[in-house]
Amino acid sequence: MPKPQRLAYALSAIFTVSALPAYAQMPPKQRAPRVEDKNAVTTVMAEDISGRPERELNLERDAEIIKDKTRVKADTACYRQVEDEVEAQGNVKIWRFGDYFTGDELKLNMDTGKGYMLKPTYKLESNHAQGKAERLNFINEDEAVVINGTYSTCQSADPDWYLRSDTLNLDSGRDVGTAGKTLIYFKDVPILGTPALSFSLSGARRSGWLSPTPGFGSKNGAELVVPYYFNIAPNRDLTLYPKIISSRGIQIGALGRYLGETNGGLYQGETYLEYMPHDREYATANPNEKSDRWMVRSTHNQDITKQWAYSWNFRAASDNNYPNDFSKTVSGSTERQLLRELRTDYIGDFWTLTARVQKYQVLQDPESVIDRSLTVTRPYDRLPAINFNAAQYDVAGGFDWAFNAELTRFYHPTLINGTRLVAIPQVSYPIIGSSYFITPKVMVNMASYQLDAYNTQKADNLSRSVPTFSLDSGLVFERDVKFGGKNMTQTLEPRLFYVNTPYRDQSRFPTFDTDAATFNFAQIFSENRFVGSDRIGDANQLTAALTSRFLDANGAEALRLAFGQRFYFRDQRVQLDSSTPVGDSRSDMLLAATGRISETWAFDSAVQYNPGSSRIVSESYTAQWIPGQKKVLNLGYRYLRGSFKNIEISSQWPIFQRWYGVGRVSYSMQDKKILESLVGLEYNADCWVFRTGAQRFVTTSTKASTQIFFQLELNGLSHLGVGSPLEAMKSSIPGYQRLNEGYGR
């Protein structure tokens, strides 16, 4: 056996694969059913025709035979009418249902589609594949066997990649290609050998081994994943992810997905789990803890009837270190509060009823033992929570009314527990004109608590009733302007929002689910400065805001400018704890500007400014420039006084010819360290894409993980390489576009 073949077959010990491919070089067409009229008239043409018309016709010079969807051309041919059979020699060409074949010699039964061709070349319509062989056996109208031939989705006469197999069965009826002993060549160099290979001809889902994915990272060393895909049904599938991690052991993963419909309505969900029976590295570092490690994520949503539905969301992990040991993303490594929720919803004509139970598993940052500020707070469990909401609009002469109620049992292992009942009736009377609105509203927040005994405190019952009056009003002015060389409509929208809520002492009430609301444009037009029902802030305040929009001829918003501030007419006495009242006469200023000022530029900005101290409290700026296909530049800056000060840059950009660069940097100016970085290169050929790069991100307050990756994707077959660069690039760079868009999964 030649050396290149021995090398390829040595590699096949690692990479043996029945590939579930990406899509072909061009997006595969939806193949129409191959229906042929068996009674269609056969037409024969040539410069010289001889023989017996009822038996056999000999066609000389430019012979052509046509029957329905099959057409044959050759130098010479013989057509036998009784057998409905064609033999042709010399420059043979045949078209069948859009597929095209050429060869030296052909024998074909026009009725059954059975026959053969010598020294053939072929091009398939469904996936634009091509190849050549020593012989091509036509089994029937849908199936052909390539003997000692090649296969590629590259369009050139000299394809960059191709597979060479002793036998290759192309079955368009079942949409599957099946090869025997096979070598895959790239630039005429064998890169992969396998004793068997199967793939979808159109890129549709089918069961089989997926491409092995080696990986390497600073945290776990070398890894190898060899997934297997089960195409259970058009609306159900299962993928198994056996993984070898050099520093830890063997991990098994599984992802099941489903989607369907019953008489009651739609349902969908997915479940992902990972399990490592013995983590060698974890066992060494934590000898007193179990070394079996696992993680589960499961979601499900289902309509029982048109009005009634239920769902669950379940997340769990074996230990605190699991996210930072195994996560491949920043968001995954920082997920510390794992929710388990089961809920059901019923929708009436003008009301909804929701019942749910919620529990949390909290994974502490490993560094919290040293730095207490890193401790993750455990939320209260809701066992259960029942919510009722009802509303009607424009009733009794123009009134709007709403009623919200909630009954919740709160549980926490180390804090006071209890049951809370909240009821909030409200009524408003909107007065709306063509250029103004005025909406007075009255609401009452009523709550009753049954608190359990806690430490030295006895069980207690508490209640409160807090009324609120608000008046929301605004004007809308419009004028025609030119902006960016375009005719637009500019609006000027002043708005005043007054709230009056009397003071009620709430210092004895626990804070089960309540915190101070984030100060932003949505919150300053809210009656309560707290999120949750345990605190109702006293208020005698007025919010003033001014917004201006630029609208194009279609009504789309090109630019929005906004300014807002709240003015207090008395001290804010209600606080989360027993701290002293806040005596500010006015709030911080809020300024915002956002829009898409051209086809290529978009931006968003927000600033919170304290006029008393003349300091910026928080600010964020993002800008995106997309001047063309596969060109994007993102710039961002985020700042919160006393917390963080970060800048972010990410981009995908063509460098030269077919090369593209991708990158992302998130840098903490406060801590003077890189939080996340990604650098990569991509090369886009006609029928393949190459990607390479590295990613580094913080997993804990003192540790980071670095991953390297490279990948060769053969359009229409599969991808080979180390790591998952495509997923990293898509998740890290807003606006990223896949080079071979429309292919793969």
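For this chain, numbers begin at 1 and follow the sequence in order. Everything numeric in this text was worked out from a predicted model, so none of it was measured.
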[X] side chain vs [Y] backbone, donor-acceptor pair below 3.5 Å:
X	Y	result
Thr305	Gln307	yes
Asp571	Arg573	no
Ser605	Ala593	yes
Glu478	Val476	no
Asn634	Pro734	yes
Asn540	Asn500	no
Asp319	Asn321	yes
Glu557	Gly595	no
Arg664	Ser732	yes
Arg560	Thr547	no

If you compare all heavy atoms of [X] against all heavy atoms of [Y], which two are closest, and at what distance to 0.1 Å?
X	Y	value
Leu451	Phe512	CD2-CZ, 3.9 Å
Ser526	Val499	O-CG2, 4.5 Å
Asp513	Ser533	OD1-N, 3.8 Å
Thr580	Gln575	O-CG, 4.0 Å
Ile524	Thr543	O-OG1, 3.0 Å
Thr344	Trp308	OG1-NE1, 2.7 Å

Salt bridge between [X] and [Y], side-chain N to carboxylate O under 4.0 Å?
X	Y	value
Asp400	Lys441	no
Arg356	Asp345	no
Arg378	Asp381	yes

What salt bridge (Lys or Arg N to Asp or Glu O under 4.0 Å) pairs are there with at least one residue in residues 602-613, not counting sequence neighbours?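 For residues 602-613: none.
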Any side-chain heavy-atom pair of [X] and [Y] under 4.5 Å:
X	Y	value
Phe437	Asp472	yes
Leu363	Pro323	yes
Leu353	Ile386	yes
Tyr380	Tyr360	no
Pro467	Arg504	yes

Kindly indicate, with the supporting measurements, whether the criterion side-chain hydrogen bond (donor to acceptor under 3.5 Å, both in side chains) is fulfilled by Asn528 and Arg535. CA-CA 8 Å; Asn528 192 13; Arg535 292 290 186 274; over 6 Å; no
Drop me the distance from [X]'s [atom1] to [Y]'s [atom2], to the nearest 0.5 angstrom.
X	Y	atom1	atom2	value
Arg343	Trp312	CZ	CH2	15.0 Å
Ser465	Ile536	OG	CD1	10.5 Å
Phe388	Thr352	CZ	OG1	7.5 Å
Gln358	Asn313	CD	CG	9.5 Å
Leu542	Phe497	CG	CZ	10.0 Å
Leu551	Leu559	CG	CG	10.0 Å

Give the C-alpha distance, both sets of side-chain angles, the deciding distance and a yes or no for ring pair (Phe, Tyr, Trp, His ring centres under 6.0 Å) between Trp294 and Tyr322. CA-CA 8 Å; Trp294 52 267; Tyr322 199 95; 8.0 Å; no
Option from [options] for which side-chain contact (heavy atoms from CB on, under 4.5 Å) with [X] holds:
X	options	answer
Arg315	Glu335, Met295, Arg340	Glu335
Val466	Val574, Asp538, Ile424, Thr501	Thr501
Asp588	Arg566, Gln608, Arg615	Gln608
Asp534	Thr514, Asp515, Leu576	Thr514

Assign the ring pair Tyr449 / Phe509 to parallel, tilted or perpendicular, where the plane angle (0 to 90°) is split at 30° and 60°. perpendicular
Parallel, tilted or perpendicular: rings of Trp625 and Trp601 (30°, 60°):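 It falls in the parallel class, under 30°.
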Give a yes or no on this: more than 12 heavy atoms of other residues, nucleotides or ligands lie within 6.0 Å of atom CG of Asn461.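 Yes, enclosed.
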Surrounding CZ of Arg409 (heavy atoms of other residues, nucleotides or ligands, distance under 6.0 Å), is the total greater than 12?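 Yes, CZ of Arg409 has more than 12 neighbouring heavy atoms, counting only those of other groups under 6.0 Å.
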Taking the six-membered ring of Phe644, is the NZ or CZ of Arg638 close enough (under 6.0 Å from the centre) and on axis enough (within 45°)? yes
Flag this pair as yes if the NZ/CZ of Arg495 is under 6.0 angstrom from the six-membered ring centre of Phe525 and inside a 45 degree cone about the axis; otherwise no.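 Checked: cation-pi criterion met.
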Does Glu619 form a side-chain hydrogen bond (donor to acceptor under 3.5 Å, both in side chains) with Tyr621? I'd like the steps, not just the answer. CA-CA 7 Å; Glu619 56 186 333; Tyr621 308 95; 2.7 Å; yes
Could you tell me whether the side chains of Arg641 and Tyr639 share a donor-acceptor contact shorter than 3.5 Å?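 The criterion, which ignores hydrogens and geometry beyond distance, is satisfied for Tyr639 and Arg641.
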Does a side chain donor of either Thr518 or Asn520 reach within less than 3.5 Å of an acceptor in the other side chain?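 No donor-acceptor contact under 3.5 Å links the two side chains.
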Do Tyr310 and His300 have their ring centres less than 6.0 Å from each other? yes
